[in-house]
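What follows is one structure encoded as structure tokens, with my remarks underneath.
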Amino acid sequence: MFQIGEYVVYGAIGVCQVEAIGSMCLSGVESDKDYYTLNPLYAKRSKVYTPVDNQKVKMRSVMSEAEAYSLIDEMKDVELIDVVDDKHREHAYKESMKSCECRELVRVMNTVLRRKEERQALGKKMSACDERYLKQAQDGLYGELAVSLGIEKNDVEDFIEHRLCLRNMASAS
């Protein structure tokens with residue numbers, strides 16, 4: 001069970017802070033059941049109420065700082081989603097996003113960015129589907145990394161680039 005004040009990742013909502021745990025006094029809601037009251041960090045003025053024993057939406061603790069550094073260091077090596085046609089690719093993107101796992105978000109990002117390069121080489125733009133999933137994956141991953149690393153979400157992309165650049169320089173010498 002999560003504790004009040006703890007940061008969690010709640011499905012597609014992303015990073016939330018547990019505000020309260022207890023029964024809810026609403027008609028139509030089981031009063032003998034405990035619920036989490038979650039504050040989404042990046043969706044101000046909204047709350048999420050979910051049963052403590054919820055099995056429908058994936059909910060997990062935010063990664064640790066060490067796990068965040070490790071993930072960043074491995075980002076370039078995370079395999080791509082290997083699907084040829086657009087219909088199956090979108091399904092694979094959806095499944096990766098539903099998993100609520102950071103490595104899966106990186107897989108989506110790596111796949112979309114590779115496809116973007118390939119399409120640009122052919123004089124084409126990025127597809128709307130790829131653009132949408134890239135944004136969703138970045139929002140989810142960058143939000144969690146920001147909390148884990150104690151930095152602003154807007155600074156995460158630069159942080160990643162800087163760290164990867166330093167690692168490349170270190171391995172070159």
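Quick caveat, the model's predicted, so the values are computed rather than measured. Basis for what follows: all heavy atoms, side chains included, without hydrogens, waters or symmetry-related copies. Nothing fancy with the numbering, it's 1 onward along the sequence.
- In the displayed structure, Asp82 atom CG is contacted under 6.0 Å by at most 12 heavy atoms of other residues, nucleotides or ligands.
- Side-chain atoms of Lys44 come within 3.5 Å of backbone atoms of Leu41 as a donor-acceptor pair (strictly under, hydrogens ignored).
- Look at Arg107 and Glu101 and you find no salt bridge, because none of the NZ, NE, NH1 or NH2 atoms lies under 4.0 Å from a carboxylate O.
- Classification of Asp130 and Arg89 as a salt-bridged pair fails, no side-chain N sitting under 4.0 Å from a carboxylate O.
- Under a 3.5 Å cut-off, the side chain of Glu19 and the backbone N or O of Gln17 do not form any donor-acceptor pair.
- Here ring-ring contact (aromatic ring centres under 6.0 Å, His included) pairs that include residues 114-135, with residues two or more places apart or in two chains, are Tyr93-Tyr133.
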(message) For a salt bridge (Lys or Arg N to Asp or Glu O under 4.0 Å) check, start with the C-alpha distance between Lys125 and Glu131, then their side-chain angles and the critical distance, and finish with the verdict.
(response) CA-CA 10 Å; Lys125 291 183 178 180; Glu131 224 172 297; over 6 Å; no
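- For Phe2, the ring pair (Phe, Tyr, Trp, His ring centres under 6.0 Å) partners at least two apart in sequence or on another chain are Tyr36.
- A donor-acceptor contact shorter than 3.5 Å is absent between the side chain of Tyr10 and the backbone of Cys16.
- When every heavy atom of Leu145 is checked against every heavy atom of Ile160, the shortest pair comes out as CD1-CD1, 3.9 Å.
- Of the possible donor and acceptor atoms, none in the side chain of Asn110 sits under 3.5 Å from a partner among the backbone N and O of Glu79.
- Using modelled atom types, no side-chain atom of Glu6 and backbone atom of Ser61 make a donor-acceptor pair closer than 3.5 Å.
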(request) Please lay out, stage by stage, how Lys98 and Glu95 fare under the test salt bridge (Lys or Arg N to Asp or Glu O under 4.0 Å). (result) CA-CA 5 Å; Lys98 276 188 351 187; Glu95 290 303 307; 3.4 Å; yes
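- At distances below 3.5 Å, not a single donor-acceptor pair connects side-chain atoms of Ser148 with backbone N or O atoms of Ala68.
- Sequence neighbours left out, not one pair with a member in residues 100-130 passes ring-ring contact (aromatic ring centres under 6.0 Å, His included).
- Ser70 and Glu74 are linked by a side-chain donor-acceptor pair at a separation below 3.5 angstrom, with hydrogens and angles left out of the test.
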